[in-house]
2 protein chains.
Amino acid sequence: MTNIKKVSELAGVSTATVSRTLKSPDQVSAATREKVLEAVKAAGYRPNWLASSVKSGRSNTIVVLVPNLVNPFFMRIIGGIEQAAQEKGFSVLLGDTQGSPEREHEYASMVLTNRADGLIQLEHSFPFSAADADLAGDLPMVSVCERIHSEKKYPVIELDNYAASRALAHHLLGYGHKHFAAIVGQVSSQIYRERLAGIRSVLQEEQIPFEQNQITGGAYTIEAGIAGATHLLSQSVRPTAIFCFNDDIAIGAVHAIKKAGLRVPEDISVVGFDNIKVSAFIDPPLTTVDQPAYDMGRRAVEVLVSQIRGEPLARSKEVLPFQLIERESSGPAPV
Amino acid sequence: MTNIKKVSELAGVSTATVSRTLKSPDQVSAATREKVLEAVKAAGYRPNWLASSVKSGRSNTIVVLVPNLVNPFFMRIIGGIEQAAQEKGFSVLLGDTQGSPEREHEYASMVLTNRADGLIQLEHSFPFSAADADLAGDLPMVSVCERIHSEKKYPVIELDNYAASRALAHHLLGYGHKHFAAIVGQVSSQIYRERLAGIRSVLQEEQIPFEQNQITGGAYTIEAGIAGATHLLSQSVRPTAIFCFNDDIAIGAVHAIKKAGLRVPEDISVVGFDNIKVSAFIDPPLTTVDQPAYDMGRRAVEVLVSQIRGEPLARSKEVLPFQLIERESSGPAPV
DNA sequence: CAACACAATGTAAACGTTAACATTGGAACA
DNA sequence: TGTTCCAATGTTAACGTTTACATTGTGTTG
């Protein structure tokens, strides 16, 4: 191992001078600087990051807790996180939790052991185990999309899900639809409640019924979309428009509807959420709500880093703008 | 900061005893152990990971270099990496390079500065800058899918691309196709050469011509698939079967073909590579080659970790099995 | 009962770096 | 020429842990 001492001997200076040459070059004279840099090159020296971190007490690392890696929407968020983190000199530890609380705890505890400085949570659960809950007092943590279910308020970067689903509902009402259904993702989440409330508020204004048996689902997957659509098609009253709570569900729903011999949107309109890449290129292209996933990731890092630096946070909730993307999976209600 | 010293004072023992209680509990007496653990709990002590790592010189961290995060195939590999890493006690630093050499260097140099112990490369470039090339002598590094272009041979986990494209070619020949085209991904890569060679070898056996003007492409994206298919459709002789070098390209190609008023597979058969999730649910479901992405990731970690541990590696190249998935995007050639 | 072994614990040095403080020497100025 | 100041460098203690070595005490054995 080539360490700073070896370099200092090679250059005939003290270790402090070597350290200074690399960290704050203007504190050493030009002559010494050159001498040291030459020795650094000759020895092939690279400062040991672990050692400097243990001194500073900062690892300049953030952990991202994500339920799974195949969801392209999450990956776009993580792309934004990664980019912003790099710009700010942080690196990103990937925590694929697969929804398991044990894994969540394990990753979250990295920030208790100085392995990371902060934590971005893409789920809504409080990621610390009961044993660590008290230690986690005011640890830097930010959540994206979903508010973290905890006593203490952690900052959250989210979409206006209420307004977004109202926009979708208005869009479909404009096409004359009267029979709605929804295939929701994970139940018992903030998103679930807000989106459903948005839809309900619009339909209520038009006095269109929207009962529990018009709501199905349980996961944000293509398979759940297939199962949900299949279930809805078997109902006595077939819906003419289906809200899907993400694009994967919508892709599954479209697949199942077409497989059942019906057409989208002629027989049934389908709308999604997220605007993942592939949604624009399936048949028919999906009407959906664009979430600024990349920016959400970026913003999360900015908020987290200022939390790490101990700066007071302006507000504990940031709502980013959405955009309704009208494509061909939605159209006039059948007569 | 609650450190080991505070705990040792609280328990009335030395710091060494505290350390031993936590690392090798059988070396301390039951009475002391209990006393110490109580103090640990009372103080809310968690050992500082940075400090132990600087002692051991190992960070138990690996860096994964990935060109982009939206490609679901890469994400499945990373899922496998993440899983295997966790089982082996390693954590995963995400290095989204966006194809930029500077970023590659930056991430790769983490392993030179003890920020990480090893490196998994999902691209084929040698990720170290010219300045660091000599230092990178025998650093633990493994590549997945693509051989790293370097003098030293690094282990590679890959698919038998030659055999896989032969299988696809035979599949299409069995349907009576005579006019082929290919939309390739990144040119000048190992994958590009091997797959093309596989296709060529089969077509040559049947004395079917396959010229350069039947080959197009340049990126592994949906957009490249659209552009490629559009280009191919404008040729004087329209192909009846198109090899796409990944499923994203195939999705784009199918989109463009349908948009041009043609049908898949009745007019043109389209086959892909990777078997990403959505491929089974688009219209028509995609015939493709399943790559065991998850297992490739897992295997990469196993090889990398044994490299980190200094164990000699059995072989520098591992070829994992593929599987031809026949779906509905390929069919009989039009008459 | 002496000699020894061994289990349990303490002491202190190390890991590689950084930074507070100390020292040096030369320039500027009266 | 003596004082002051400051830039440049060195010395050394820290960061929080682990561990080699030293010490203690207890039990075993001849």
Side-chain angles (χ1 to χ4, degrees), chain A residues 1-40 43-61 89 109-117 135, chain B residues 1-40 43-61 89 109-117 135:
Chain A
M1 181 57 62
T2 86
N3 53 19
I4 202 170
K5 200 168 169 202
K6 205 167 284 178
V7 175
S8 74
E9 287 163 3
L10 208 60
V13 298
S14 73
T15 61
T17 303
V18 176
S19 179
R20 275 190 284 253
T21 308
L22 298 172
K23 294 274 164 179
S24 38
D26 43 331
Q27 279 183 38
V28 303
S29 72
T32 327
R33 194 160 49 214
E34 199 172 334
K35 208 168 49 179
V36 170
L37 290 178
E38 207 163 313
V40 164
Y45 170 72
R46 296 299 226 99
N48 184 318
W49 174 84
L50 286 167
S52 19
S53 292
V54 77
K55 266 295 283 189
S56 69
R58 295 232 160 286
S59 62
N60 287 328
T61 303
S109 75
M110 285 180 172
V111 58
L112 297 175
T113 58
N114 285 46
R115 187 157 187 172
D117 297 336
L135 299 180
Chain B
M1 180 57 62
T2 88
N3 53 17
I4 202 171
K5 199 168 167 204
K6 205 167 282 177
V7 175
S8 74
E9 286 163 3
L10 208 60
V13 297
S14 73
T15 62
T17 302
V18 176
S19 179
R20 276 190 282 255
T21 308
L22 297 173
K23 295 274 166 185
S24 39
D26 43 332
Q27 280 184 38
V28 303
S29 72
T32 325
R33 194 159 50 214
E34 198 172 335
K35 208 167 50 179
V36 171
L37 290 177
E38 206 163 313
V40 165
Y45 170 72
R46 297 299 226 98
N48 184 318
W49 173 82
L50 286 168
S52 17
S53 292
V54 78
K55 267 295 282 189
S56 68
R58 295 231 160 286
S59 62
N60 287 328
T61 302
S109 74
M110 286 180 172
V111 58
L112 296 174
T113 59
N114 286 45
R115 186 156 187 172
D117 296 336
L135 299 179

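In what follows, chains are A, B, ... by sequence order, proteins preceding strands, each numbered from 1. The structure displayed is predicted, hence computed values, not measured ones. What you see below is based on every heavy atom in this structure, not just the backbone, and it leaves out hydrogens, waters and symmetry mates.
- A:Ser8 contributes a side-chain N or O that, together with a main-chain N or O of A:Lys5, makes up a donor-acceptor pair within less than 3.5 Å.
- DNA chain C forms stems at C:1-30 with D:1-30, each a run of 3 or more consecutive Watson-Crick or G-U wobble pairs whose two key distances fall under 3.5 Å.
- Put simply, CG on A:Leu50 is 12 Å from P on C:dT18, counting in whole angstrom units.
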Using a 4.0 Å heavy-atom cut-off, write out nucleotides 9-17 of chain C from 5' to 3' as B (base contacted by protein), S (sugar-phosphate only) or - (no contact).
BBBB-BBBB
Would you sort out whether B:Leu37 and B:Thr21 count as a side chain to side chain contact (heavy atoms under 4.5 Å, CB included), showing the intermediate values?
CA-CA 8 Å; B:Leu37 290 177; B:Thr21 308; 4.1 Å; yes
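- Pairing each heavy atom of B:Ala43 with each of B:Val7, the nearest pair is CB-CG2, 4.1 Å.
- For A:Glu9, the CD atom sits in a packed shell: over 12 heavy atoms of surrounding residues, nucleotides or ligands are nearer than 6.0 Å.
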Run the numbers on A:Trp49 and B:Leu112 for side chain to side chain contact (heavy atoms under 4.5 Å, CB included), then give the verdict.
CA-CA 9 Å; A:Trp49 174 84; B:Leu112 296 174; over 6 Å; no
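- Separating the OG atom in A:Ser59 from the CZ atom in B:Arg115 is a distance of 7.5 Å, to the nearest 0.5 Å.
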Between B:Tyr45 and B:Leu22, is a side chain to side chain contact (heavy atoms under 4.5 Å, CB included) present by the stated rule, with each step listed?
CA-CA 11 Å; B:Tyr45 170 72; B:Leu22 297 173; 3.6 Å; yes
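- A distance-only check finds no donor-acceptor pair linking the side chain of B:Arg20 to the backbone of B:Val28 [under 3.5 Å].
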